[in-house]
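Can you read through this structure? Questions will come right after.
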Protein chains: 2
Amino acid sequence: MQTSLRRAPLVTEICDRLLREHRAVEWLPGERTLSARLGVSRSALREAVQRLEIQGLLEVRHGVGVRVINNPQAPVQATLLRELPDFAERLRQFSEVRLLVEPEIARCAAERGSPEDRRRLQEVHARLGDATDVNHAVQADLDFHRTLADMAGNRILALMLGSIAELEEESRRITLMGVGIGAAFSQHERIAQAVVTGDGPSAREAMVEHVTAAGQASR
Amino acid sequence: MQTSLRRAPLVTEICDRLLREHRAVEWLPGERTLSARLGVSRSALREAVQRLEIQGLLEVRHGVGVRVINNPQAPVQATLLRELPDFAERLRQFSEVRLLVEPEIARCAAERGSPEDRRRLQEVHARLGDATDVNHAVQADLDFHRTLADMAGNRILALMLGSIAELEEESRRITLMGVGIGAAFSQHERIAQAVVTGDGPSAREAMVEHVTAAGQASR
DNA sequence: ACTGGTATGAGGTCAGACCAGTTGATTAAA
DNA sequence: TTTAATCAACTGGTCTGACCTCATACCAGT
């Protein structure tokens, strides 16, 4: 049915085409339509879709359809969960990584962030102050750290931290309640201040204290 | 709003069973045999196998068969390649991460490694001295760092570093040739010495110099 | 305005056929 | 006897078309 002489397996080709031709689409056509359009069988198309789903690039919903997303953290998270099935141990190693990576991210963010970035950071930071309930606070907290990671300009560190943070959203809720939103906010305040003024070492320092305090609280 | 009542999708169940019942097997039975044994269709079985392949738990070889492996780095590597398609930029961020993570790993390895670990490290280290050609040297170099990561007892850091290292095997070859195997060996020597004697700070320091030197060479 | 059916279209699973690499035994040639 | 070509029997890869389940919207009856 299909003609080309390919060296790469069909499925990987389909993956590429799906990504290339549907980057800007939200919901993509049904599997039957798609397979016909690409000139491949539905099974091959399905394998490709499944692959992209696992890689966090598509979301498949039974009875609804397939939509384009972009969650590069998904595969990392799956790996971490498999490698560290024990909750406590996972938490321990997460803290260790955060204590190592977050201060460095704060420093880089302070030294590399653009004015636009800094504005954005302050805005995100303000959201923690405005947070009414714990859920909002957790979300604002996550966003604050995520924004810093983006500013730091290292995709790898951002990826790791993002994966970790989302996996521990639950325990972060506990942390926030333990430390108190106010305390967290004032710690963020110091960090944001240092970052906005471009003071790398101070940002680093403030972050060390923040992460350490969080680590204490979750013990 | 949906929960509790629905059974898990067939494919995920198959994944679980495959992992559980074939953990100790090397090559698993053919797809037809397997699907019959599990009482599911070959397509469902194939989807499960593919899933595990992407997660680095199975290796599928056309015309040969499917075998059990354990390469948790695979999904992370795929993600990194997609997130950082540009070679130079990837290399830059990799160096940044290595400079941050490797020293900490060396320190932890020194402070946490068991006597058995230390013996193993020295043995691996010796292999770099015995290396006859560049390929062997690169392999020994990778193993040295991998061993340290294992000793440090943090799976996340080990995972990051492992993914990065394998992706940059080529450029590490260049580095090794640039610095010279002898120089690399003597840098490793200092690290190994510090780790074996349990001197964390020295190990950290030695590693900083080693990674820095490697970073210089690849410029 | 609510309830319950049902039509529709999505993904999920199935069966069986055929295509395409691998391997090793068999067989023909040196 | 040795060696090289061949073929048969695996393996996974792809295709087809059918049927099942799920989610949704629409509509008839209350």
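Lettering follows sequence order; numbering is per chain, from 1. What you see is a predicted model; the values in this text were computed from it and never measured.
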Partner set under side chain to side chain donor-acceptor pair (under 3.5 Å) for R172(B), not counting sequence neighbours: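 With neighbours one apart ignored, the set is D141(B).
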
Suppose we screen for side chain to side chain donor-acceptor pair (under 3.5 Å). Which residues come up paired with E96(A), at least two apart in sequence or across chains?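 Checked E96(A) against side chain to side chain donor-acceptor pair (under 3.5 Å); matches are R92(A), R112(B), N154(B).
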
If the condition is side chain to side chain donor-acceptor pair (under 3.5 Å), which residues does N71(B) pass it with, not counting sequence neighbours?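 Applying side chain to side chain donor-acceptor pair (under 3.5 Å) to N71(B) gives none.
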
Give the rounded distance in Å between these two atoms: CG of L58(B) and P of dT11(D).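 The answer, rounded to whole Å, is 16 Å.
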
Set of side-chain contact (heavy atoms from CB on, under 4.5 Å) partners for R20(B), sequence neighbours left out: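 Result, side-chain contact (heavy atoms from CB on, under 4.5 Å) vs R20(B): D16(B), R17(B), R23(B).
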
Rounded to whole angstroms, how far apart are CD on E13(A) and C1' on dG13(D)?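 After rounding, the gap between these two atoms is 14 Å.
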
Would you call R37(A)-E21(A) a salt bridge at under 4.0 Å N-O?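 Judged by the 4.0 Å cut-off on N to carboxylate O distance, R37(A) and E21(A) do not form a salt bridge.
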
What's the CG-P distance between L34(B) and dG13(D), to the nearest Å?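 So the two atoms are 13 Å apart, to the nearest Å.
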
With sequence neighbours left out, write down each residue that passes ring-ring contact (aromatic ring centres under 6.0 Å, His included) with F185(B), or none if nothing qualifies.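 ring-ring contact (aromatic ring centres under 6.0 Å, His included) list for F185(B), sorted by chain: H125(B).
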
What does the inter-axis angle of the helix from dA1(C)-dT30(D) to dA30(C)-dT1(D) come out as, five pairs per end, nearest 10 degrees?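 If I round to tens, the end axes sit 10° apart.
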
Provide a list of protein-nucleic acid N or O atom pairs under 3.5 angstrom, restricted to nucleotides 10-12 of chain C.
unit_1	atom_1	unit_2	atom_2	d
dG11(C)	OP2	E31(A)	N	2.8
dG11(C)	N7	R32(A)	NH1	3.0
dG11(C)	O6	R32(A)	NH2	3.0
dG12(C)	OP2	R46(A)	NH1	2.8
dG12(C)	OP2	R46(A)	NH2	3.4
dG12(C)	N7	R42(A)	NH2	2.9
dG12(C)	O6	R42(A)	NH1	3.2

Identify all side-chain donor-acceptor contacts of residues 54-64 of chain B below 3.5 Å with residues at least two apart in sequence or on another chain.
unit_1	atom_1	unit_2	atom_2	d
E59(B)	OE1	R67(B)	NE	3.2
E59(B)	OE2	R61(B)	NH1	3.2

Qualifying residues under side chain to side chain donor-acceptor pair (under 3.5 Å), relative to R46(A), sequence neighbours excluded: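 R46(A) satisfies side chain to side chain donor-acceptor pair (under 3.5 Å) with E31(A), E47(B) once adjacent residues are dropped.
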
